[in-house]
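Reviewing the structure listed below.
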2 protein chains.
Amino acid sequence: MKASIQAVAAEAGVSISTVSRTFAKPNLVLPETRSKVMAAAEKLDYRISRSAAALKTGQSFRVALLMSDSISTWFNSNTYAGLDSVLHPAGYDISIFEMADAHDRHEFFATLPVRRNVDAVIVNSFNIVPEEVEKLSNMKVPIVGINIPSINGFNATVSIDDRQAMHVAVKHLFSMGHRRIAYAYETSNDNNQNMVFSAEARLHGLMETAEERKMTVERIAIRNYEDATNTILNSLLTMDPAPTALYCESDELALPVIYKLCQYGHAVPQELSVIGFDDVPLAAKIGLTTLHQDPFNMGENAARKMLSVMSGKTPKPLHETLQAQLMMRETTAFID
Amino acid sequence: MKASIQAVAAEAGVSISTVSRTFAKPNLVLPETRSKVMAAAEKLDYRISRSAAALKTGQSFRVALLMSDSISTWFNSNTYAGLDSVLHPAGYDISIFEMADAHDRHEFFATLPVRRNVDAVIVNSFNIVPEEVEKLSNMKVPIVGINIPSINGFNATVSIDDRQAMHVAVKHLFSMGHRRIAYAYETSNDNNQNMVFSAEARLHGLMETAEERKMTVERIAIRNYEDATNTILNSLLTMDPAPTALYCESDELALPVIYKLCQYGHAVPQELSVIGFDDVPLAAKIGLTTLHQDPFNMGENAARKMLSVMSGKTPKPLHETLQAQLMMRETTAFID
DNA sequence: TTGTATGCGTTATCAA
DNA sequence: TTGATAACGCATACAA
């Protein structure tokens, strides 16, 4: 039942420091001694107590993951999976702090409950403001960001270049003759305080390129109490002249729309080109043209940078900007 | 920087025991003293060290979550969210152990790396075998299961009644005149060793009711290297006589199929009724008839049972079986 | 290369 | 209701 380090030491006929070393720094102990210790440990079913090790070393082996949205979204769950694939083997647990609304968020940054209890903080994809970063900095632990608005105050970051991605996609539409496009995006109620950073960047990126090319953009802003699919469909129907392409902020928005369009006899892409963002698994299966990003990979990347910073090193690209890739599939076509 | 319990005690002019009590058992300390301590803690920016508390109490405040699939699936990420919504506020971290293949799985149960380092184990939705449960039992911590094949060895469980759900759905099809249905489901390569328990139950449930009603079932088994959508579409086309209804093991399978059917001019539900399982968000948006289950809720439920067991109590329903609900939407209809 | 001794920051026991 | 003190299980400086 108990089987502490003492018992193993006794069983193996060595001191507890040797047992400790056998697990923590195996190369500092004679192979012979090592196997003796391992045998004893095996026999007694011994496992190192992470709590004790943590207390002694001053580390907590815990990282805080800050998100503004649920872990169950496509982006967040994949980011998490990527982080965990690196962090778990390294002995770290991930503690999720979800800040759904302004209140949660204020509460978190006011009390900083993780203080002195995490070895690092990961900020995942929300428009954290400078004062909040400042508060995190007071914790004196590495801060790494994924899709955050500014690298200021961050030890490392990895982000998708949403803006550039939009440029590519809009140019793609332009080159196929589209001059009049509709853009569907979600807006939150609380003054966009909680609007994810990516959303802003995507909107700006789109507008920039469209203006530059003199394309007309009809915006379809979806309030979060609305039925997105219907809102988009209705807007499409009322626009006059009708747009030739529909750009959706995310695949999640685009997917039900293209299904409904098909059902109601509107041919995609013949009548309307549709383009999404994210490249969720269903997008490929359905042939949706979209911008591909890989949150699992971003999570892995961020985790590696984090580990690197924690061990005092400087990760090669401290701040990395990834390009989303345009996946040209079947929902976009030349006009006419 | 340091700000340990000693410092707070000094600042507040009390002993460390009082400080400890103020945080751990506030009601055992005079309100007056309490506020003195709180003020000092606030001033010094003190937070309790979870590692030290864990060491002393013998608890780890960590639970292991065993899954056979990635956290990024719809079911798993929602279960996790539900678990975390209860466990996180209670001070527990969740450590995910993903056992993707037979090798991982064997490794895990052979070494039991979590031994003595978690306060409980949650087995999420895979067909764990008795010997494995037996090994977990040796850890002497509560074991709670979500969608597991047998309650033997588990302190508490919560499961969906997949079998019953299939009965309901098949009867629904029967009552609408369907006598010839196709069932699409995924099979893994390694002798179904890793087939999730739900998958087996769904298949059996379907066959039972179909046989009972003398309905014909054409099985479409999808190997995991195959393109599921195409496999299903091809099978549908080659079956003679054609089935009047397609039942998919999961919405994930059904969604791209109904889109493709629409694209190729096959009317759903007029030509073919389609039914899914899960009720992912997109199912509602698209109008897919499906069986609704709520993994977030199951996670919450399991977490509450776990906490209850850990505190020595006996949760009211120790083992709970939930009914999936048939969501009758637009992809099923009367035949002819 | 290994052993001895000390302390990490907390909680629990007991006494006051 | 509060305080003194002894662990909890391990890692590390230092000595051997």
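Lettering of chains follows the sequences in order, A, B, ..., and the numbering in each one begins at 1. Worth knowing before you read on, the calculation uses all heavy atoms, side chains too, and leaves out hydrogens, waters and symmetry mates.
Of the candidates C:dT4, D:dG9, C:dT1, C:dT1 carries the atom nearest the A:L30 side chain, counting heavy atoms from C-beta on. Distance from the side chain of A:T18 is smallest for C:dG3 among the nucleotides D:dG9, C:dG3, C:dT11. In this structure, of C:dT10, D:dC10, D:dG9, it is D:dG9 that holds the atom nearest to the side chain of A:L55. Side-chain proximity of A:K56 to C:dC8, C:dT10, C:dA12: nearest is C:dC8. Of the candidates C:dA12, C:dT11, C:dA5, C:dT11 carries the atom nearest the B:A24 side chain, counting heavy atoms from C-beta on. Listed nucleotides: D:dC10, C:dC8, C:dT10. Nearest to the side chain of B:S4: C:dT10. Considering only the side chain of B:A52, C:dG9 comes nearest among C:dG9, D:dA11, D:dG3.
Considering B:F109, B:F126, B:F108 as possible partners of B:F97, the one that fulfils the ring pair (Phe, Tyr, Trp, His ring centres under 6.0 Å) test is B:F108.
Residue-level contact check: B:I48 touches the backbone only, with heavy atoms under 4.0 Å from sugar-phosphate atoms and none from bases.
Here C:dA12 presents its P atom at 12 Å from CD1 of B:I5, a figure rounded to the nearest Å.
Between A:R34 and B:Q6, the residue anchored closer to the 5' end of DNA chain C is A:R34, taking for each the nucleotide with the nearest heavy atom.
In terms of polar N and O atoms assigned as donor or acceptor, the side chain of A:S20 never comes within less than 3.5 Å of the base of D:dT12 in a complementary pairing.
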